[in-house]
Amino acid sequence: MPRAIAMRRLLVALLILVAAALPAAAQDAFLAALPGLAGGFAAQATAVERLGATGDPRALPVLRALAEGRLLKRPDGALLVRGEGDAVSDAATGAPAEATGAEPVRINNRVRAALRGALGRLQLVSPDPGERLAAAEAVFRSRSAENIALLEAALAREDQPQVRARMELALAASRLAAPDPATRRAGVEALAATGSDDARAMLLEARAADPALAPEVDAAVAAIDRRLALRRAAETLFQGLSLGSVLLLAALGLAVTFGVMGVINMAHGEMVMLGAYTAWAVQEVCRTHAPWLLPAYLPLSIPAAFLVAAAVGAVLERGLIRHLYGRPLETLLMTFGVGMILQQAVRLLFGAQNREVSSPGWMQGTLTLPGGVMVTQNRLWIILFGLAVLGLTVAAIRFTRFGLEMRAVTQNRRIASTMGIRSGRVDALTFAFGSGIAGVAGVALSQIDNVSPNLGTGYIVDSFMVVVFGGVGSLAGTLVGAMTLGVVNKVLEPYAGAVLAKIAVLVAIMLFIQRRPRGLYALKGRAAEA
Amino acid sequence: MTTTTTAAHPALPAARVGLRAVILGALLLLALLPILNRLPPDSALHVSDFAVSVTGKWICYAILALAIDLIWGYAGILSLGHGAFFALGGYAIGMHLMRLIGDRGVYGHPVLPDFMVFLGWRELPWYWWGFDHFAFAFAMALLVPGALAAVVGYLAFRSRITGVYFSIITQAMTYALMLAFFRNDMGFGGNNGFTDFKELLGLPLHTPEARAALFYASLAGLAGALWLCRRVAGSKLGRVLVAIRDAESRVRFLGYDVTAHKLFVFVLSAMLAGLAGALYVPQVGIINPGEFSPGNSIEAVIWVAVGGRGTLVGAALGAFSVNALKTWLTSVAPDLWLFVLGGLFIAVTLFLPRGLAGLFRRREP
Amino acid sequence: MSSAAPPVLYLDGVSVVFDGFRALNDLSLVVDPGELRAVIGPNGAGKTTMMDVITGKTRPTSGTVRFGDHDLTQLDEAAIANLGIGRKFQKPTVFDALTVFENLELALKAPRGPVACLRWMLTGEARRRIEATLEEIGLAARARDRAGVLSHGQRQWLEIGMLLMQDPELLLVDEPVAGMTDQETEHTATLLRRIAEGGRSVVVVEHDLEFVRALGRKVTVLHEGSVLSEGPIDQVQNDPRVIEVYLGR
Ligand SMILES: Nc1ncnc2c1ncn2[C@@H]1O[C@H](COP(=O)(O)OP(=O)(O)OP(=O)(O)O)[C@@H](O)[C@H]1O
Ligand SMILES: [Mg+2]
């Protein structure tokens, strides 16, 4: 024992030396305020406030111990902190201490209230950024002018942007509570600059409390409203574009089969559905046979879905559709029957219930863009994916031999075949190509929609609307049409609700084709009259 | 070439008389069903309740098929909106039936249907006014589909939207209506639609008398529709429609207002579809937004294709035969039915463009 | 133009532009009542386009098109037809699914609304007119056959018959004798002359110069969308510009 005591003495001496190195005033303030904690409730409260005002890191564990009933008082008046595992240390020095006969220090509500504020202020300078953020939050809510100096001090050292932002908000809020009008005005300005919903509510509160601030507050609120409106508009635009991309993906295959070939394929939705099921199947195969491939199942399923849907499309074109060229209404009915069979086949094979297709981690979560605009990752990916598929489609049509032959056949079948192009083969390839794109769209849709046998049914009407609206035979029209419909839909939604917005868009399209029966990007000349 | 028509100046008047006799015979045979239903169950000629009610349904489908054939077979306009017109007619009568429930609903409200009470509605919305009168509801069953067809048809035909474009537009219309009727706040019972009907024209439903009365009403509707359609098809109007089907712009240069002619038959056809729906709903005792599903419209088109379009009688026949097949197959092998239906779509367009009626006809010269 | 009666058809400064291509270029043409006018010109001269403009199929990019007091650029095809302008197309279009008789019946001048058509009854008078026309076009024996089974020449005749049934003020006839025998060509020329003598105006487009000569009236030569030359056939045929265009092509 004596040896241990000797050791402790040495440690205490060392600690005192270290403490002496601290600025004398702070040391004094902490040590001077500390004993008050052992006094009556009124003295305790004062001591808590004084400790809080020191901004001394040593005060934090002590006050926390007090709040949690872990601050002990020895009969000799020394204050001890019981840490984890019942280790007890001296509150003033931090040195291990004897706890014999020590009793927990009791507090009342007044002390508790003082503790909350003081803890908050001390946490502002805590080494842990998470703690500082929480402290800024607490100070923000307490809204007291006393915190101004503290926050300014904390801000001066703060290097985390996120924490800074919150501290600035708290500072502005604290300034609003200041007695002197100039400070309050500065607070209003600072709040206006943050542009958040919180700031707006706080400004209105301040205006009610102090009518003299009204002109500044009104201007600030207006500024915030402008920013919020802008942000909301940006978010709506994003949602619209992402819906537009879904429509684009669903309609792109149709733009090839219907727009370029003039074949109306009511089984198009089922091609999309097959693509989605392919994604699911690839996922399952990876899971059971090659788990190490599982993270990459989604990129893998894109070519797979293309091939599956393209193969079905080629068989459909060669086996059935080709016999009905020049009879579009019959083609419509026949392909509807095909769609029905495909749906039922999938239902019997895989069941009628939804299939679970997982989203990779990099597609989950949300992203905050500059200006506070929030976007969900998977929607962002779909926009990028839609544009990529469009780009590839355009490239395939523009720059490949197949694309050239395809354009030749659609423009003049007879002349194309006299030039040695096998138009039957080109028809099959074109149809397969369009169907393959639909399959790829299915992979994307598997990420945002339920993978079930009637997945495609929900998209077929919209897809046709996009193609008709954009102008048959024009991929640019399909892009503009899809994006326009997507954005208009999302803009209307807050006012009309999703269903009515959809109906309004359908009606608008019908009225639109009154003015331009051939859609936005009409083909001109004799080709259009055929 | 898509030509199968009833000749307006038939080379064989005898065949025409023969057809008339066949039609009359078939209608009379159908009229016997409710009577045979009254025979004792052990009698060899007894017809079951199920058979009567299911035939009553098919008769309504046959009217719908006639409506589609009039516009598709003659004017060449493939409407994928007739299921919607049918459903609208059904909803109109359904509203009347709901009003007749009165305070016998679950909530016992004297005026409001149950679903409105459930949704906390205080009073009847204005568009429900008048539906307590049968005549008004019945008129609406025809006028609402007619008016919708007039608006959609006018917009489409005026801007010369033809062929598959028209089909797509009407399908979009049907789809939009389905979405709308699924909404609770539309005031048409949302998802669940209307059901639990009690009576019609003082006759409690679910009684054999009511069943027979509805059956005969439907049969009269079929006979009337058939007469009307044959009247149109056999008139110069019918010939103008065929001309429009085959060479629309040429008809314009003859001085015919193609929009007016198309609109006339389209509206007439929509009203017939509405009539079919109005006769259908009291028999099946339920109407819900599923009736608007675009698939229903296309299925009805295939009845006409199977029967043989441009033949009227064939269309009605197609409705009976496809639905008979459906009723039988969905009871013995339900999984198979959609394959068979899909197969029918393919087979009839590829191999039997003139439908069943084409099998009985001599080859065209 | 020197005639005292106001013209039936008056085209002035008419241009039609398709995607930058001028199918008609500042075309002017005046047809008087009772006049039979032949219009000739090389392929692609704009003859058919001119008829399209008159009958409302194509809207002119600029210019005036009048029929009597009516501004034709404001009317649709059916309204123009009902004013009394009948047209026979270059590519004969008849209604294949209908019989020859029914084709003529549809063309017969009568109320054209849907309800009127529904209530239409074939009166003795109408039947007689149809039968007379059937004789005229030599198809009496085929009255009950579908138009779809007729030969090309017969279809030409059927279309001419339909034009007659319409009983129009102004007849626009695009290449009526293509696919006809010499005898039939002769018959057609006589028929058109007789119609003009009856006070109707006729504009005939034709490549067959023998036929134009047989008509023996004023000829208008179109080239690249405008009038190149106008006058009696002999004068036109000796016009060096016309010779150049016909040889140069
Ligand atoms: N809808 C259209 N779109 C584009 N170009 C057109 C169209 N209609 C006509 N043209 C062009 O206008 C020009 C005139 O054509 P038009 O048919 O009037 O000639 P035409 O004199 O009747 O010739 P033909 O003797 O061969 O019948 C032609 O070069 C044709 O290609
Ligand atoms: Mg020509």
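Model, not experiment: these values are computed from the prediction.
Your options are Leu348(A), Leu342(A), Val468(A), Val507(A), and the one with the most heavy-atom pairs under 4.5 Å with chain B is Leu348(A). No other option in Leu80(B), Ile302(B), Val152(B), Ile298(B) has as many heavy-atom pairs under 4.5 Å with chain A as Ile298(B). Note: Lys502(A) leads Lys502(A), Arg347(A), Gln343(A), His323(A) in heavy-atom pairs under 4.5 Å with chain B. Among the candidates Leu177(B), Thr174(B), Val164(B), the residue making the largest number of heavy-atom pairs closer than 4.5 Å to chain A is Val164(B). Taking Ile169(B), Asp335(B), Ile161(B) one by one and counting their heavy-atom pairs under 4.5 Å with chain A, the maximum is reached by Asp335(B).
When all heavy atoms of Pro353(B) and Arg327(A) are compared, the pair lying nearest together is CB-NH2, 3.8 Å. Residues Ala176(B) and Leu506(A) approach most closely at CB-CD1, 3.4 Å, considering heavy atoms. The two atoms that bring Leu329(A) and Ser167(B) nearest to each other are CD2-OG, 3.7 Å, heavy atoms only. In this structure, Leu338(B) and Ile341(A) approach most closely via the heavy-atom pair O-CG1, 4.3 Å.
Annotation: the span from Tyr165(B) atom OH to Phe464(A) atom CZ amounts to 10.0 Å, rounded to 0.5 Å. Rounded to the nearest 0.5 angstrom, Phe345(B) CZ and Met334(A) CE are separated by 11.5 Å. Of the inter-residue distances, the one linking Phe336(A) atom CZ with Thr349(B) atom OG1 reads 13.0 Å to the nearest 0.5 angstrom. Rounding to the nearest 0.5 angstrom, the gap separating the CG atom in Leu333(A) from the CD1 atom in Ile346(B) is 11.5 Å.
A salt bridge links Arg309(B) and Glu330(A); the closest N-O separation between the charged side-chain nitrogens and carboxylate oxygens is under 4.0 Å.
Ile460(A) is not listed as a side-chain neighbour of Tyr175(B), based on a closest heavy-atom distance of 4.5 Å or more. Contact of the Gln171(B) side chain with the Met465(A) side chain is not registered, since no non-hydrogen atoms from C-beta on lie closer than 4.5 Å.
Using a 4.5 Å cut-off between heavy atoms, Ile509(A) makes no contact with chain B at all. Only the backbone of Ala156(B) has a heavy atom closer than 4.5 Å to any heavy atom of chain A. For Trp337(B), no part sits under 4.5 Å from any heavy atom of chain A, backbone or side chain. Of the two parts of Leu344(B), neither the backbone nor the side chain holds a non-hydrogen atom closer than 4.5 Å to a non-hydrogen atom of chain A. Only the side chain of Leu332(A) comes within less than 4.5 Å of a heavy atom in chain B; its backbone stays farther off. Contact of Leu320(A) with chain B is made through backbone and side chain together, with heavy-atom distances under 4.5 Å.
Atom CZ of Phe182(B) is surrounded by more than 12 heavy atoms from other residues, nucleotides or ligands within 6.0 Å.
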